Amino acid sequence: MASSESGAGWIIRDSAGKALYHGRRSFNGVLSNAQADLLAISLAAEVVWDLRLKNIQFEFSSVEAAKILGNPLEHPSAYHLCYEVFKNVFSLPKSSMFLVPGTCNVAASAISDSVTRDQRHQSYIALGGPQWLRNLLSQEATSC
């Protein structure tokens with residue numbers, strides 16, 4: 001990771017894949033891609049908590065983050081962040097986490113990439129999906 005600046009993008013979908021909410025946030029002082037991915041999962045869980053949603057499946061595509069979450073004791077520098085992820089996700093009723101192929105998270109990754117690429121540092125939460133990703137969101141909804 002060349003920069004200590006990172007972005008997080010997330011999309012909340014219903015069981016049919018329709019985007020209900022989306023958002024983004026920038027982070028500074030990030031030391032690795034895995035740290036950025038763990039921060040993004042934790043952030044998404046905080047947003048879901050604020051929205052009072054239940055029965056959420058958190059789907060992420062970072063194999064490295066999955067390895068760290070699978071055995072936090074082997075990654076002492078990420079232990080506290082793992083604790084935050086588990087606390088935030090599992091404090092939500094009937095919630096779970098799943099590693100999914102990157103092809104199922106292209107839209108969320110595009111939102112995340114826009115933070116650093118386009119200098120979009122304003123965090124936000126919005127209804128539905130972003131219009132600029134409308135076709136991609138429809139494609140993901142039917143294929144994942």
Side-chain angles (χ1 to χ4, degrees), residues 1-133 136-137 139-141 143-144:
M1 175 171 249
S3 170
S4 65
E5 179 184 41
S6 180
W10 52 266
I11 300 166
I12 298 173
R13 300 173 186 263
D14 65 14
S15 58
K18 178 183 176 193
L20 302 175
Y21 300 93
H22 76 281
R24 72 167 180 244
R25 178 172 173 199
S26 65
F27 295 103
N28 288 312
V30 177
L31 302 176
S32 69
N33 289 331
Q35 181 185 18
D37 295 333
L38 293 169
L39 285 167
I41 297 167
S42 186
L43 167 69
E46 289 175 9
V47 169
V48 167
W49 176 265
D50 290 343
L51 293 171
R52 308 265 191 262
L53 302 175
K54 299 175 186 171
N55 197 20
I56 301 296
Q57 293 181 357
F58 291 88
E59 297 180 347
F60 63 100
S61 301
S62 171
V63 173
E64 191 175 357
K67 286 179 185 176
I68 293 169
L69 288 168
N71 197 344
L73 294 176
E74 287 187 7
H75 306 277
S77 64
Y79 185 81
H80 178 72
L81 189 50
C82 288
Y83 169 79
E84 290 297 315
V85 169
F86 290 135
K87 179 186 73 147
N88 290 341
V89 170
F90 296 118
S91 67
L92 300 163
K94 299 181 181 179
S95 293
S96 54
M97 289 188 295
F98 296 96
L99 179 65
V100 298
T103 55
C104 294
N105 276 328
V106 175
S109 293
I111 296 169
S112 175
D113 292 344
S114 74
V115 172
T116 52
R117 182 191 64 232
D118 303 335
Q119 302 291 308
R120 296 177 184 261
H121 302 292
Q122 177 86 24
S123 296
Y124 73 89
I125 300 168
L127 285 170
Q131 288 301 307
W132 60 281
L133 294 173
L136 183 55
L137 288 166
Q139 188 177 22
E140 284 183 356
S143 64
C144 293

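Note that the structure is a prediction, hence the values are computed from the model and not measured.
Contact annotation: the side chain of Leu137 approaches that of Pro130 to within less than 4.5 Å [non-hydrogen atoms, C-beta and beyond]. With contacts defined as side-chain heavy-atom distances shorter than 4.5 Å, the pair Val106/Gln139 does not qualify. Between Val100 and Cys144 the shortest side-chain heavy-atom distance does not fall below 4.5 Å.
In this structure, the separation between CZ on Phe27 and NE2 on His121 is 13.5 Å, given to the nearest 0.5 Å. Rounding to the nearest 0.5 Å gives a distance of 15.5 Å between CG of Leu38 and OH of Tyr83. Atom CG in Asp113 sits 12.5 Å away from atom CZ in Arg24 (nearest 0.5 Å). Atom CG of Leu99 sits about 8.0 Å away from atom OG of Ser62, to the nearest 0.5 Å. To the nearest 0.5 angstrom, Ile12 atom CD1 is 5.0 Å from Leu51 atom CG. Note that the CD atom of Glu59 and the CD1 atom of Ile11 stand 11.0 Å from one another [nearest 0.5 Å].
Just one residue in the list Tyr124, Trp10, Trp132 forms a ring-ring contact (aromatic ring centres under 6.0 Å, His included) with His22, and that residue is Tyr124. Applying the side-chain contact (heavy atoms from CB on, under 4.5 Å) test between Ser61 and each of Asp37, Asn105, Thr103 identifies Asn105 as the sole match.
Residue pairs meeting the disulfide bond (SG atoms under 2.5 Å apart) criterion with at least one member in residues 31-60: none, sequence neighbours excluded. Residue pairs meeting the disulfide bond (SG atoms under 2.5 Å apart) criterion with at least one partner in residues 27-64, sequence neighbours excluded, are absent.
Judged by distance alone, with hydrogens and angles left aside, the side-chain atoms of Ser91 form a donor-acceptor pair with the main-chain N or O of Lys87 at under 3.5 Å. Between the side chain of Thr116 and the backbone N or O of Ser6, no donor-acceptor pair lies under 3.5 Å. Looking at Asp14, its side chain does come within 3.5 Å of a backbone N or O of Lys18 through a donor-acceptor pair. When atom types are taken as modelled, the side chain of Glu5 and the backbone of Ser26 share no donor-acceptor pair closer than 3.5 angstrom.
Of all non-hydrogen atoms in Cys104 and Glu140, the two that sit nearest each other are O-OE1, 3.5 Å. Taking every heavy atom of both residues into account, Ala45 and Leu92 meet most closely at O-CD1, 3.9 Å. Ala107 approaches Leu133 most closely through the heavy-atom pair O-CD1, 3.5 Å. Here the shortest heavy-atom pairing between Pro72 and Phe86 reads CG-CE1, 4.0 Å. Here the closest non-hydrogen pair linking Ser112 and Gly9 is CB-N, 3.5 Å. Between Cys82 and Ile68, the closest heavy-atom pair is SG-CG2, 3.3 Å.
Within a 6.0 Å sphere centred on CZ of Arg117, other residues, nucleotides and ligands contribute more than 12 heavy atoms. Environment of CD in Gln122: sparse, with no more than 12 heavy atoms of neighbouring residues, nucleotides or ligands closer than 6.0 Å. Around CZ of Phe90, the count of heavy atoms belonging to other residues, nucleotides or ligands within 6.0 Å exceeds 12.
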Go through the steps for Phe58 and Val48 under the test side-chain contact (heavy atoms from CB on, under 4.5 Å), then give the verdict.
CA-CA 10 Å; Phe58 291 88; Val48 167; 4.0 Å; yes
Run the side-chain contact (heavy atoms from CB on, under 4.5 Å) check on Val85 and Phe60 step by step: do they pass?
CA-CA 12 Å; Val85 169; Phe60 63 100; over 6 Å; no
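Using a 4.0 Å cut-off between charged nitrogen and carboxylate oxygen, Glu64 and Lys67 do not count as a salt-bridge pair.
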